[in-house]
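Below is one structure, written out as C-alpha cells, with a few remarks after it.
We use all heavy atoms of the structure for the numbers below, so side chains are in, but hydrogens, waters and symmetry mates are not. Index from 1, following the sequence.
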Amino acid sequence: MSGTVLVLGGRSEIGIAVARKLVDGGRKFVLAARRSGDLDSEEASLRRAGASEVVRVEFDADDVARHREVLDGIVAEHGPLETVVVSFGILGDQERAERDAAHAMAVIHTDYVAHVSILTELANLLRAQGSGQLVVFSSVAGVRVRRANYVYGSAKAGLDGFASGLADALHGSGVRLLLVRPGFVIGRMTEGMSPAPFSSTPEQVATATVRALQRGRGEVWVPPVLRPVFFLMRLLPRAIWRRMPR
C-alpha cells in the first residue's frame, strides 16, 4: 500500500508511534506541528523504522483560520492523503483552569474547537478525494466527566460526540474514521502523575490503533477492558463519582 500519511501533531508520542507502525516502502510521511524545525528526533524515529521520505510542515492547530490553507498546501505538494492521524492536544492544569477562564478556554479551544475545525476540513477534502482514513483520539476522560479533570474531560466528551457523528456522516463516502478511546497513557503529557488503573503506553495505544485500522473498525478502547469498566462507571451514583480521582 502506498500514499501519504499525515500526522497533525507531529511531536505527539502516540502519533509518531502510529506512524512508525504504518511504515512501508511506498508511504510518504508528513509531520505537521508548530516549530517544525525542531522535529529532528521524530523524523529520525520514522527513518529508523524504515521510512524513506519524511517531510515537515509548519502547523498551528489553534490557528483555525489557516487550517484549510495548510491542508491544501500539503495535498498540492505531497499528493493524496491515505491516512491522517489527528494527534495534537493539551492536558492543561485543572486547578488553574478553575481559577483562570482564559486557561480553561485554551484547553477547550485546542482539544475541541481546533479538532472540529480540522476534522471538518479533512472530511471535505477526503470526500472530494473519494478515499482516506482519519484517526481521532478521544479519551475515557470524556465518557463520563470527572470532577478531578472536568475541563479536559468536557473537551474530550465534545470531541467524542463530534467524531462519532462525523463517522456516521462519512459512511458510504469512501472515507473511514477510527475513534480511539485510550485510558491513562504514560508519557510526556502525564509525566509526574500517578498512573491510573489499566494504564497504557503510547506504543500500546499505537498497536491497538493500527490493528483497528487494518480490521476496518470504527472505534477502539485501549485497553479493551475499559469498555465494560466504563459501562459500569456510568452507573455509579453521583455522590461517589464526584470523589473519583483523575
(message) Hydrophobic clustering (ILVMFWY, side-chain heavy atoms < 4.5 Å, transitive) - are F88 and L134 grouped together?
(response) yes
(message) So E13 and V205, do their side chains get closer than 4.5 Å, heavy atoms only?
(response) no
(request) Would you kindly say whether S45 and R20 are connected by a side-chain donor-acceptor distance under 3.5 Å? (result) yes
(request) Keeping the roles fixed (side chain from H103, backbone from D93), state whether a donor-acceptor pair exists under 3.5 Å. (result) yes
(request) Check whether any side-chain heavy atom of V5 lies under 4.5 Å from a side-chain heavy atom of V18, and answer yes or no. (result) no
(request) Examine V116 and L71 and state if one hydrophobic cluster contains both, with Ile, Leu, Val, Met, Phe, Trp and Tyr joined whenever side-chain heavy atoms are less than 4.5 Å apart. (result) yes
(request) Report the C-alpha distance between I108 and S154 in whole Å, list the side-chain angles of each, state the deciding distance to 0.1 Å, and finish with yes or no for side-chain contact (heavy atoms from CB on, under 4.5 Å). (result) CA-CA 8 Å; I108 299 298; S154 66; 3.6 Å; yes
(request) Inspect the contact between E219 and R227 and indicate whether a charged nitrogen and a carboxylate oxygen are less than 4.0 angstrom apart. (result) yes
(request) Locate the shortest heavy-atom distance separating E203 from A17; write the atom from each residue and the value. (result) OE1-CB, 3.9 Å
(request) Decide side-chain contact (heavy atoms from CB on, under 4.5 Å) for S138 and L179; before the verdict, give the C-alpha distance in whole Å, the side-chain angles of both, and the deciding distance to 0.1 Å. (result) CA-CA 7 Å; S138 177; L179 181 58; 3.7 Å; yes
(request) Supply the atom-to-atom distance S200 OG to W221 CH2, rounded to the nearest 0.5 angstrom. (result) 13.0 Å
(message) I need the R34 CZ to R11 CZ distance, nearest 0.5 Å.
(response) 8.0 Å
(request) Please confirm whether the backbone N or O of G132 pairs with a side-chain atom of R176, one donor and one acceptor, at under 3.5 Å? (result) no
(message) Which heavy atom of V229 sits nearest to which heavy atom of F198, and what is that distance?
(response) CG2-CE1, 4.0 Å
(message) Within the 3.5 Å criterion, strictly below it, is a donor on S117 or H67 matched to an acceptor on the partner's side chain?
(response) yes
(request) Grab the two heavy atoms, one from T4 and one from G79, that are nearest each other, plus how far apart they are. (result) OG1-O, 4.4 Å
(message) Would you say that L6 contacts V85 through its side chain, given a criterion of any heavy-atom pair below 4.5 Å between the two side chains?
(response) no
(request) Take K156 and D111 through the salt bridge (Lys or Arg N to Asp or Glu O under 4.0 Å) test and state the conclusion after the steps. (result) CA-CA 7 Å; K156 288 297 188 180; D111 291 344; 5.4 Å; no
(message) Under a plain distance cut-off of 3.5 Å, with no hydrogens placed, do H109 and D62 share a side-chain donor-acceptor pair?
(response) yes
(message) Do V7 and F59 sit in one hydrophobic cluster, given that two such residues count as connected whenever their side-chain heavy atoms are within less than 4.5 Å of each other, even indirectly?
(response) no
(request) Taking the side chain as every heavy atom from C-beta outward, state whether V185 and T190 have any pair of such atoms under 4.5 Å apart. (result) no
(request) Describe, in one word, how the ring planes of Y112 and F162 are oriented to each other, choosing from parallel (under 30°), tilted (30 to 60°) and perpendicular (over 60°). (result) perpendicular
(request) Would you confirm whether T201, through its side chain, and Q204, through its main-chain N or O, come within 3.5 Å as a donor-acceptor pair? (result) yes
(request) Measure across L226 and V222 and return the closest heavy-atom pair with its distance rounded to 0.1 Å. (result) CD1-O, 3.3 Å
(request) Start with the C-alpha gap between R56 and D40, add the side-chain angles, then the distance that decides, and say whether salt bridge (Lys or Arg N to Asp or Glu O under 4.0 Å) holds. (result) CA-CA 10 Å; R56 311 178 198 182; D40 290 354; 2.7 Å; yes
(request) Give the C-alpha distance, both sets of side-chain angles, the deciding distance and a yes or no for side-chain contact (heavy atoms from CB on, under 4.5 Å) between L170 and R127. (result) CA-CA 8 Å; L170 290 170; R127 274 195 196 99; 3.7 Å; yes
(message) With heavy-atom distances below 4.5 Å as the criterion, would you say the side chains of I90 and V107 are in contact?
(response) yes
(message) Less than 3.5 Å apart, any donor N or O on the side chain of S36 or E58 sitting next to an acceptor on the other?
(response) yes
(message) Just so I know, are the side chains of L22 and R27 near enough to count as touching, which here means a heavy-atom distance under 4.5 Å?
(response) yes
(request) Indicate the atoms forming the closest heavy-atom contact of G15 with S12, along with that distance. (result) N-OG, 3.0 Å
(message) Could you measure the distance from the CZ atom of R68 to the CG atom of L122? Nearest 0.5 Å is fine.
(response) 8.5 Å
(message) Nearest 0.5 angstrom please: R215 CZ to L178 CG, how far?
(response) 12.0 Å
(message) Could you check whether any side-chain N or O of R99 sits under 3.5 Å from a backbone N or O of E95, counting only pairs where one atom can act as donor and the other as acceptor?
(response) yes
(message) Hydrophobic clustering (ILVMFWY, side-chain heavy atoms < 4.5 Å, transitive) - are L91 and F137 grouped together?
(response) no
(request) Look at atom CD of E77 and say whether more than 12 heavy atoms of other residues, nucleotides or ligands are closer to it than 6.0 Å. (result) no
(message) If you define the side chain from C-beta out and look only at heavy atoms, does anything of Q133 sit under 4.5 Å from V175?
(response) no
(request) Test Q94 against R147 for side-chain contact (heavy atoms from CB on, under 4.5 Å), laying out the working first. (result) CA-CA 9 Å; Q94 174 66 32; R147 162 70 182 89; 4.1 Å; yes
(request) Calculate, to the nearest 0.5 Å, the distance between atoms OH and CD belonging to Y150 and E98 respectively. (result) 4.0 Å
(message) Contact between L31 and V57 at the side-chain level, heavy atoms closer than 4.5 Å - yes or no?
(response) no
(request) Say whether I118 and I74 are linked into one hydrophobic cluster, either directly or through other cluster members, by side-chain heavy-atom distances under 4.5 angstrom. (result) yes
(request) Rounded to the nearest 0.5 Å, what's the gap from CD on E69 to CD on E121? Could you check? (result) 11.5 Å
(message) Any carboxylate oxygen within less than 4.0 angstrom of a Lys/Arg side-chain nitrogen, looking at R181 and D160?
(response) yes
(message) To check you understand the geometry: which heavy-atom pair defines the closest contact between V23 and G50, and what is its length?
(response) CG1-C, 3.5 Å
(message) Donor-acceptor check, side chain of H115 to backbone of T110, threshold 3.5 angstrom: yes or no?
(response) yes
